[in-house]
Amino acid sequence: LFDGMSLEILDVSDNGFTGTFPWAGLISNNANSLKYLSIDENSFTGGVPASLGSSVTGLVSIYMGDNRFSGSIPTTMSTLANLDVLDMGNNIFTGNMDGSDYADLGNFPKLRVLDLGRQNFGNSDFSAVTWLNTLNQNGYLKELDIQDTGLTGKITSIFLGYATQLKYLDVSDNTITGTIAGDSRMTDLVYLEDFRFNGNDLDNRLDEDLCLIPNITSITAFPGNLDLECYPSCLLSFMSVTTNANGITTCEPTAIPTASPTGRSQYIAQHRVGPRTLSTDWCHRIRVGSGGAGIAGGAKDQCDLFSPC
């Protein structure tokens, strides 16, 4: 099919093609020229050869999502020095994210977008998928979609600590448990705009520190996460879906001790010290609870727990 060609761009996306893709002809005839490969939104089956990564070394973008590709994802693609986008989402690749087959997936030197979501992977403990931490340290990654990839356990503080350059993070439709810890340095996620963790098994309360992500515009917690007790009201402006099967709603702000300055000092000691962005209602409660006079025009949105409101 590709005899005599020297392609830089191949785009056959969304054409309704079925059967196996003619990898051998494409690779043997275009190994030194191909930069852009888009075969997504078809019904191609079979595996993806390791030679795609080891031989077609000039690839910059690979789009093969929304097909029926199976087997393991070849980690040879992580050696592609200039690869910017790798979209392999919504196929039926197998294996475990924390297994040896995928341990080298974190070695992409310049990858900016990675979509591995919606596969047929087995269960993997989030903390054991250490190649995600490696990938987050490449300095380029901006978008990461690992929804429905069999992840279990907690989203680790280590992972979030390395994810400071991400703009888009989707970990939805897994079996992630526990809480998204408030000690996860949310203020360091300075580029994150869209965070999706719906369809998991989180419990307890969503932490207010989610509201401290500096440039967040969208947080998706529902549907799913039916064991959550509540979520902070400051998240309402970021959540497009607030309804859920268990009627989970906003948390009541924790009351602040009012008996003495000692009580206030104890309250501060139990919370992270420094400025925090709080809801207007919370700030108002802090002012009243501290014995401070109200401010004309309503409470400020920013309160410093070092000083009386």
Side-chain angles (χ1 to χ4, degrees), residues 13 35-41 47-50 52-54 56-67 69-122 124-151 155-156 158-174 176 189 191-197 199 218 220:
S13 59
K35 295 181 179 179
Y36 181 97
L37 176 62
S38 181
I39 58 176
D40 52 310
E41 297 185 69
V48 178
L52 180 65
S54 60
V56 192
T57 56
L59 279 166
V60 174
S61 299
I62 299 173
Y63 296 89
M64 59 176 67
D66 298 302
N67 279 289
F69 290 118
S70 58
S72 297
I73 297 172
T75 57
T76 53
M77 289 190 292
S78 67
T79 64
L80 293 170
N82 297 305
L83 193 65
D84 181 65
V85 177
L86 178 59
D87 176 5
M88 307 191 81
N90 197 23
N91 281 286
I92 51 175
F93 291 112
T94 55
N96 294 68
M97 292 262 283
D98 61 357
S100 58
D101 287 346
Y102 295 135
D104 292 332
L105 273 182
N107 295 333
F108 290 97
K110 293 184 178 180
L111 195 66
R112 183 179 55 86
V113 177
L114 177 61
D115 183 352
L116 295 181
R118 306 167 307 284
Q119 305 294 346
N120 197 29
F121 293 148
S124 299
D125 189 284
F126 204 119
S127 64
V129 189
T130 54
W131 62 263
L132 286 174
N133 300 333
T134 304
L135 183 61
N136 270 321
Q137 295 177 72
N138 76 0
Y140 290 89
L141 194 68
K142 296 295 183 183
E143 299 181 21
L144 178 60
D145 186 339
I146 46 176
Q147 63 171 301
D148 193 15
T149 52
L151 291 171
I155 300 176
T156 66
I158 294 174
F159 169 78
L160 290 173
Y162 285 129
T164 54
Q165 78 287 347
L166 288 181
K167 294 181 66 176
Y168 174 89
L169 175 58
D170 191 343
V171 296
S172 61
D173 296 322
N174 284 292
I176 296 170
L189 301 175
Y191 297 106
L192 190 60
E193 298 175 359
D194 191 341
F195 189 9
R196 305 182 183 192
F197 49 86
S218 177
T220 308

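Just so you know, residue 1 is the first one in the sequence shown, and it goes up from there.
With Asp115 contributing its side chain and Gly117 its backbone, the two residues share a donor-acceptor pair below 3.5 Å. Between the Asn67 side chain and the Gly65 main chain, a donor and an acceptor come within less than 3.5 Å of each other. Side-chain N or O atoms of Asn174 include one that pairs as donor or acceptor with a backbone N or O of Ser172 at under 3.5 Å. In this structure, Gln119 contributes its side chain and Thr94 its backbone to no donor-acceptor pair below 3.5 Å. Using modelled atom types, one side-chain atom of Asp87 and one backbone atom of Gly89 make a donor-acceptor pair closer than 3.5 Å. Remark: side-chain polar atoms of Thr76 are paired, donor with acceptor, to backbone N or O of Ala50 under 3.5 angstrom. Looking at Gln147, its side chain never comes within 3.5 Å of a backbone N or O of Asp170 through a donor-acceptor pair.
Rounded to the nearest 0.5 angstrom, Ile155 CD1 and Ser127 OG are separated by 12.0 Å. Remark: Lys35 NZ to Ser61 OG distance equals 11.0 Å, nearest 0.5 Å. If you take CG on Asp98 and OG1 on Thr149, they are separated by 10.5 Å, rounding to the nearest 0.5 Å. Distance check: Leu151 CG to Asp125 CG gives 9.0 Å after rounding to the nearest 0.5 Å. The OG1 atom of Thr164 sits 7.5 Å away from atom CG of Asn136, with the distance rounded to the nearest 0.5 Å. Here CG of Leu37 is found 10.5 Å from CG of Leu86. Values are rounded to the nearest 0.5 Å.
Other residues, nucleotides and ligands contribute only 12 or fewer heavy atoms inside 6.0 Å of the NZ atom of Lys167. Heavy-atom contacts from other residues, nucleotides or ligands closer than 6.0 Å to OH of Tyr191 number 12 or fewer.
A heavy-atom distance below 4.5 Å is found between the side chains of Ile62 and Leu80. Between Phe126 and Met97, every side-chain heavy-atom pair lies at or beyond the 4.5 Å cut-off. Side chains of Asp145 and Arg118 form a contact here, defined as non-hydrogen atoms less than 4.5 Å apart. Residues Phe69 and Ile39 form a side-chain contact, since some pair of their non-hydrogen atoms from C-beta on lies under 4.5 Å apart. Two residues are said to be in side-chain contact when any heavy atoms from C-beta on lie closer than 4.5 Å; Leu116 and Leu105 meet this criterion. Using a 4.5 Å heavy-atom threshold, the side chains of Val85 and Arg112 count as touching. Under the 4.5 Å side-chain criterion, counting only non-hydrogen atoms from C-beta, Tyr102 is in contact with Thr75. Taking the side chain as every heavy atom from C-beta outward, Ile146 and Phe121 never approach each other to under 4.5 Å.
Asn107 and Ser78 are not linked by any side-chain donor-acceptor pair at a separation below 3.5 angstrom, with hydrogens and angles left out of the test.
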Kindly indicate, with the supporting measurements, whether the criterion side chain to side chain contact (heavy atoms under 4.5 Å, CB included) is fulfilled by Leu166 and Phe195.
-> CA-CA 10 Å; Leu166 288 181; Phe195 189 9; over 6 Å; no

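Applying the salt bridge (Lys or Arg N to Asp or Glu O under 4.0 Å) rule to Asp148 yields no partners; only residues at least two apart in sequence or on another chain are considered. A search for side-chain contact (heavy atoms from CB on, under 4.5 Å) contacts involving Asn138 returns Leu111, Leu135, Tyr140, Leu141, not counting sequence neighbours.
Here the closest non-hydrogen pair linking Pro49 and Pro74 is O-CG, 3.9 Å. Listed here is the closest heavy atom pair of Met77 and Leu83: O-CD2, 4.3 Å.
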